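Quick note on labels: first sequence line is chain A, next is B, and so on, each numbered from 1. Source: prediction; values computed, not measured.
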Amino acid sequence: MRRTLIENLFRGKLTEPVRPASDADIATLVSTLTRTARQRLGRSLAIRALDAGSCNGCELEMIALANPYYDLERFGLKFVASPRHADVLMITGPLTRAMHDALRLTDEAMPAPKFVVAVGDCACSGGLFANSPACIGAAEQVIKVDLRIPGCPPDPMTLLQALIGFANTLGRSG
Amino acid sequence: MNATITLWHQVCSDLAENRCVFIALWAEHHADGAVVHLALRPPSTGDVQVLDLTSTDRHFPSIARHHPAASLMERALCDMHGLIADGSPDPRPWLDYSAPYPFKPVDGHGIHQIPVGPVHAGIIEPGHFRFSVNGETIIRLEARLGYTHKGTLGLMRGRPIADAAKLAGRISGDSTLAYSFAFARAVEQALFITAPPRAAALRAIMAELERLANHFGDIGAICNDGGFPLMNMLSGALRERVLRLAATCFGHRLMMDRIIPGGVTTDLTAEHAQQILATLTLLLNQWARLFELYEKTASLQDRVVSAGWLDPVIAQRLGCGGYVGRASGQDFDARRDAPYPPYDTLALTIPTLKASDVDARLRLRMTEIQQSAALIRTLLATLPTGAIHTPVPDCATTDVGHALVEGFRGDIFAHVRVHNGQIADVMLRDPSWFFWPALEAAIEGNIVADFPLCNKSFNPSYSGCDL
Ligand code: SF4
């Protein structure tokens, strides 16, 4: 183990810079936010992931955000284990009927101010499952969505750019 | 093949006595009732047989009664189609959430229950686990799934082949390539076409890349659940390299929709082929260090050795495939035993282990990493030239096709009936159907704190079973 650790110390980092998304990009992703909510948060965001029936493709790319190439925590973004600790609810999947209650309970468990991010085509629009009788479809049908990150699945760089842009929007107006 | 009730009962006793292996059970509506389909194969070969039993009164004789491995699928099909499995040992609903769910009772002094989920602490799919524990020790685990039920098979029925192929690739995102592969082969069989040799080779290259990505990612994640995040970071970096390679060479990190009925969508340039070879060398060099790290970290070994032991008899009775089955002595791999192009021309030695614990499942996947890399090298060295797609004919006839394809988890079964260029019936069966009951069995006697580690070593797909 010592050898691996020493090698890693001298190898240099894998972590890559993130090209910021343009203001215009972010403006199209972000819908309205209340000013008070923005002031309360600064730019650090605790994210609670909620799989509302995804195929698990979106989860794979969200998990990748923690790998050394993207290292999302360097931006003050982190996934937390409890909705009680979260500022952001990140929803994937075409909201299955079976997950409707769980989504509601998770939302209720989160303290305000809170934001909702829809990740992936499924959560943004229902995707290929929009017409399924087993699915409600887009998350915004039951919850106010503040940021949409489409893609099937969106790749980690896209996720990172959108989240950083979003956090910056919050910070700037505060 | 149309089955009489006598044949159905005969097959039940064959299943009960291990004379054949259960693959899948599903149903479809008909104007005058329903047809229940049962797919089977002989032990150690991939000659799939499908029996069709017509039911006019919505009843059919339970398979689970004779073969418990069929229980979850039987419950799911009863919920989806309103059928009744006569003699079922477990008639509780599976996908129907309208009523409270009675978990199996566990009695005894000091036993209490821990409910977990459907929302989990990490970035994981949703499902409910009910632990009955005595102190730290798990007496029984029951998994309640269905939270990601999207009605995918229903959406596929009646749709053009190309649309259905996209849905097939979203049954379980981590195996998207393998699902597209299995679905494409089933359609090709139904339409009497074959993908060109170059397409077949490219399919396998992508399939092995998918296996590598998942093995690297999961090995790291399992070690992470064993309290060793260093391995997760380093192994996760290798996964990222594979995904980036896939994006460069095939245009999508997870290679979604790259395999379509008739062939593949994306050709591989000579330059990209070189890039694959160079990346493989780099990955294997780094992997060698990680393997050493795994082996020499005593605190990690302490967690993985002997944890989550799956009785080989149970693995066999459940028909567990993939790393779960092979780490418990089961010797089946669709690439060798149900050979399909291009694997039918390759010599494959399938590793199996007897130790049956978390460590064995990890080591099995570590061996498969070497093997997948070797396969990709061979495939690239012998890559045929020519077309990458055969046109899919518009047939007015009705035909069925099926396929077994070895995904990273194990064998994926695909069955289609094609009619007028549309999917009339479809079943896609994930290996996880058998991993869930295997996990429930293996976890007994382990401590609650070892559950994430054990669970991750099985890594069953939720979406793959919820359908
Ligand atoms: S958007 Fe695509 S990857 Fe994400 S859950 Fe839906 S189908 Fe899967």
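- Contact annotation for B:Phe228: only side-chain heavy atoms (C-beta onward) come within less than 4.5 Å of a heavy atom of chain A.
- The pair B:Arg253-B:Glu240 meets the salt-bridge criterion, since a charged nitrogen lies less than 4.0 angstrom from a carboxylate oxygen.
- Most heavy-atom pairs under 4.5 Å with chain B: of the set A:Asp101, A:Asn67, A:Asn56, this distinction falls to A:Asn56.
- Contacts between B:Met233 and chain A at a heavy-atom distance below 4.5 Å involve backbone atoms as well as side-chain atoms.
- Atom CZ of B:Arg241 has 12 or fewer heavy atoms from other residues, nucleotides or ligands within 6.0 Å.
- Interface remark: A:Arg97 contributes no atoms to any contact with chain B (heavy atom separation under 4.5 Å).
- Looking at B:His252, the atoms closer than 4.5 Å to chain A (heavy atoms on both sides) all sit in the side chain, from C-beta outward.
- Only the side chain of A:Leu14 comes within contact range of chain B, with heavy atoms under 4.5 Å apart.
- No side-chain donor-acceptor contact under 3.5 Å links B:Arg258 to the backbone of B:Leu254.
- For A:Asp121 (side chain) and A:Gly151 (main-chain N/O), a donor-acceptor pair under 3.5 Å exists by modelled atom type.
- Counting heavy-atom pairs under 4.5 Å between each of B:Asp174, B:Asp163, B:Leu293, B:Leu290 and chain A puts B:Asp174 at the top.
- For chain B, the nearby parts of A:Cys152 are the backbone and the side chain; heavy atoms of each come within less than 4.5 Å.
- Heavy atoms only, all atoms of each residue included: B:Asp225 and B:Pro452 are closest at OD2-O, 3.4 Å.
- Contacts with chain B were tallied for A:Val80, A:Thr106, A:Leu60; A:Leu60 has the most, counting heavy-atom pairs under 4.5 Å.
- With chain B as partner, the option from A:Pro68, A:Gly93, A:Cys122, A:Gly127 having the largest number of non-hydrogen pairs under 4.5 angstrom is A:Pro68.
- Within the 4.5 angstrom heavy-atom criterion, atoms from both the backbone and the side chain of B:Ser172 approach chain A.
- Among the candidates B:Leu95, B:Leu243, B:Thr176, B:Leu234, the residue making the largest number of heavy-atom pairs closer than 4.5 Å to chain A is B:Leu234.
- Contacts of B:Lys296 with chain A are absent, with no heavy-atom separation under 4.5 Å from either backbone or side chain.
- Residue contact with chain A, scored on non-hydrogen atoms closer than 4.5 Å, involves the backbone and the side chain of B:Pro126 alike.
- Chain A forms the most heavy-atom pairs under 4.5 Å with one residue out of B:Thr297, B:Leu167, B:Asp257, and that residue is B:Leu167.
- Of the two parts of B:Ile123, the backbone and the side chain both hold a non-hydrogen atom closer than 4.5 Å to a non-hydrogen atom of chain A.
- For a residue to count as touching a neighbouring chain, one of its non-hydrogen atoms must lie under 4.5 Å from one of that chain's; by this rule B:Arg170 touches chain A with backbone and side chain alike.
- Contact tally against chain B (heavy-atom pairs below 4.5 Å) for A:Cys55, A:Pro94, A:Ser54: the top residue is A:Cys55.
- Looking only at heavy-atom pairs under 4.5 Å with chain A, the residue among B:Leu230, B:Leu155, B:Ile171 that has the most is B:Leu155.
- Contacts between A:Ser132 and chain B at a heavy-atom distance below 4.5 Å involve backbone atoms as well as side-chain atoms.
- Residues A:Ala86 and A:Arg48 share a closest heavy-atom pair of CB-CB, 3.5 Å.
- When each of B:Phe103, B:Tyr101, B:Tyr147 is paired with B:His128, the ring pair (Phe, Tyr, Trp, His ring centres under 6.0 Å) condition holds for B:Phe103 and for no other.
- A:Thr92 and A:Glu59 form a side-chain donor-acceptor contact under 3.5 Å, judged by distance and modelled atom types alone.
- In this structure, B:Arg244 does not pair ionically with A:Asp155, as no charged nitrogen and carboxylate oxygen lie closer than 4.0 Å.
- Side-chain atoms of B:Asn214 come within 3.5 Å of backbone N or O of B:Glu210 as a donor-acceptor pair.
- Listed here is the closest heavy atom pair of B:Leu453 and B:Ile222: CD1-O, 3.4 Å.
- Judged by distance alone, with hydrogens and angles left aside, the side-chain atoms of B:Gln301 form a donor-acceptor pair with the main-chain N or O of B:Tyr294 at under 3.5 Å.
- Looking at A:Ile63, both its backbone and its side chain come within 4.5 Å of chain B, counting heavy atoms on both sides.
- A:Phe79 touches chain B through its side chain: at least one heavy atom from C-beta onward sits under 4.5 Å away, while N, CA, C and O do not.
- In summary, B:Asp466 and B:Lys150 do not engage in a salt bridge, as defined by a charged side-chain N under 4.0 Å from a carboxylate O.
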